[in-house]
A.B. asks: 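Here it is, the structure, as structure tokens.
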Amino acid sequence: MVDSLDDRSDSARVTLATNIRRLRRLRGLSSAELARQSKVGSATLSGLESGTGNPRLETLIALSATLGVPLTELLDGASRPPVTVVRASQGAHVSRSNLDLRFVHRFTAGGLDVVEFYEMTVTPGDPHLSQGHAGIENILVVDGRLRVGPTDDAAVLDAGDFVSFSADGPHVYAAENGRPVHAVLALRHSAEPRTAVTDDSAILAFTEE
């Protein structure tokens with residue numbers, strides 16, 4: 001599977017394009033300068049800013065790092081109405097082998113931390129391993145059995161079970177019993193952009209070294 005932004009609605013491409021252009025201009029960067037600093041090809045960046053591109057996860061991470069924002073700042077809408085409704089068909093998907101995350105919503109907690117909600121689906125097969133990224137993961141299993149947490153201390157969760165752990169070290173997600181797992185992930189991290197402690201295997205890393 002190609003690790004990419006899985007665009008389940010036309011609006012996701014438009015949102016991504018709008019946010020890249022907005023953030024680039026706020027930082028006084030030309031398209032050429034953003035491409036140079038992020039090491040993203042000029043043609044690739046042009047496609048993203050025009051709403052026609054489908055970037056790899058590594059491309060999004062590189063752009064968010066250069067622009068100094070969390071990854072979800074590129075994927076999220078620029079403004080929120082008083083009542084926010086996110087339909088099941090909405091929200092950008094980021095997928096890697098046996099793991100799919102649908103970004104649902106993001107809000108700040110006391111102006112200090114950012115909390116991001118994801119719908120998580122883990123499919124049977126080889127465990128998904130992350131080398132680590134900034135933040136605290138809070139996971140509630142809705143259906144299925146999930147092995148998740150630090151690789152040396154992973155917990156096995158059933159429907160209704162909850163776990164919270166620091167994601168800054170290696171951790172694992174694995175569907176047990178040969179059935180898909182459906183869960184809700186709330187990721188809490190500092191509002192300040194951080195440097196990831198991982199290589200590109202971390203699905204939720206927001207910046208790169």
Side-chain angles (χ1 to χ4, degrees), residues 2-8 11-80 90-96 99-109 111-120 130-137 167-168 185-209:
V2 175
D3 303 324
S4 63
L5 173 65
D6 183 359
D7 183 6
R8 304 296 172 90
S11 63
R13 291 177 189 265
V14 173
T15 297
L16 177 62
T18 300
N19 287 338
I20 292 175
R21 293 194 306 268
R22 174 176 58 84
L23 291 166
R24 174 175 61 75
R25 290 165 181 166
L26 280 174
R27 283 150 182 77
L29 297 174
S30 66
S31 293
E33 184 62 16
L34 177 57
R36 186 189 69 79
Q37 291 187 23
S38 63
K39 297 182 173 60
V40 171
S42 296
T44 298
L45 181 59
S46 177
L48 296 181
E49 290 202 349
S50 65
T52 59
N54 185 32
R56 292 173 59 89
L57 176 61
E58 289 77 11
T59 300
L60 295 178
I61 291 173
L63 289 171
S64 66
T66 303
L67 293 168
V69 296
L71 174 61
T72 49
E73 184 78 10
L74 300 181
L75 305 177
D76 196 15
S79 61
R80 293 286 186 186
Q90 297 176 316
H93 288 246
V94 179
S95 299
R96 295 181 78 89
L99 176 64
D100 178 84
L101 296 175
R102 179 175 73 98
F103 173 64
V104 178
H105 185 60
R106 172 170 54 89
F107 65 89
T108 57
L112 299 176
D113 291 339
V114 174
V115 180
E116 296 166 342
F117 283 96
Y118 296 84
E119 177 185 11
M120 171 187 287
S130 170
Q131 294 305 310
H133 56 83
I136 304 294
E137 291 200 17
D168 59 1
L185 164 65
L187 177 69
R188 182 168 182 161
H189 61 93
S190 171
E192 294 296 325
R194 292 186 180 182
T195 299
V197 295
T198 177
D199 60 20
D200 65 3
S201 66
I203 189 154
L204 295 176
F206 301 111
T207 59
E208 288 185 313
E209 291 182 333

A.B. asks: If the condition is side chain to side chain contact (heavy atoms under 4.5 Å, CB included), which residues does Gln37 pass it with, not counting sequence neighbours?
C.D. replies: Leu29, Glu33, Thr66
A.B. asks: Can you give me every donor-acceptor pair (side chain of residues 38-47, partner residue at least two apart or in another chain, under 3.5 Å) with its distance?
C.D. replies:
| unit_1 | atom_1 | unit_2 | atom_2 | d |
| --- | --- | --- | --- | --- |
| Ser38 | OG | Leu34 | O | 2.7 |
| Ser38 | OG | Val40 | N | 3.4 |

A.B. asks: Over all heavy atoms of both residues, which pair between Met120 and Leu99 is shortest? Give the atoms and the distance, please.
C.D. replies: CG-CD1, 3.9 Å
A.B. asks: Given side chains that start at C-beta, do those of Glu116 and Pro70 come closer than 4.5 Å, heavy atoms only?
C.D. replies: yes
A.B. asks: Within the 4.5 Å heavy-atom criterion, are Leu63 and Leu23 side-chain neighbours or not?
C.D. replies: no
A.B. asks: Is a side-chain N or O of Arg102 found less than 3.5 angstrom from the main chain of Gln90, in a donor-acceptor match?
C.D. replies: yes
A.B. asks: Run the side-chain hydrogen bond (donor to acceptor under 3.5 Å, both in side chains) test against Ser30 and tell me which residues pass, sequence neighbours left out.
C.D. replies: none
A.B. asks: Got a second to check how far Leu67's CG is from Asn19's CG, nearest 0.5 Å?
C.D. replies: 10.0 Å
A.B. asks: Output yes when a side-chain donor or acceptor of Arg21 lies under 3.5 Å from a complementary backbone atom of Glu49, and no otherwise.
C.D. replies: yes
A.B. asks: If I take atom CG from residue Leu48 and atom CZ from residue Arg13, how far apart are they, to the nearest 0.5 angstrom?
C.D. replies: 9.5 Å
A.B. asks: Heavy atoms only: give me the nearest Ile61-Ser64 pair and the separation to one decimal.
C.D. replies: O-OG, 2.9 Å
A.B. asks: On a heavy-atom basis, which atom in Phe103 and which in Tyr118 lie closest, and how many Å separate them?
C.D. replies: CA-CD2, 3.7 Å
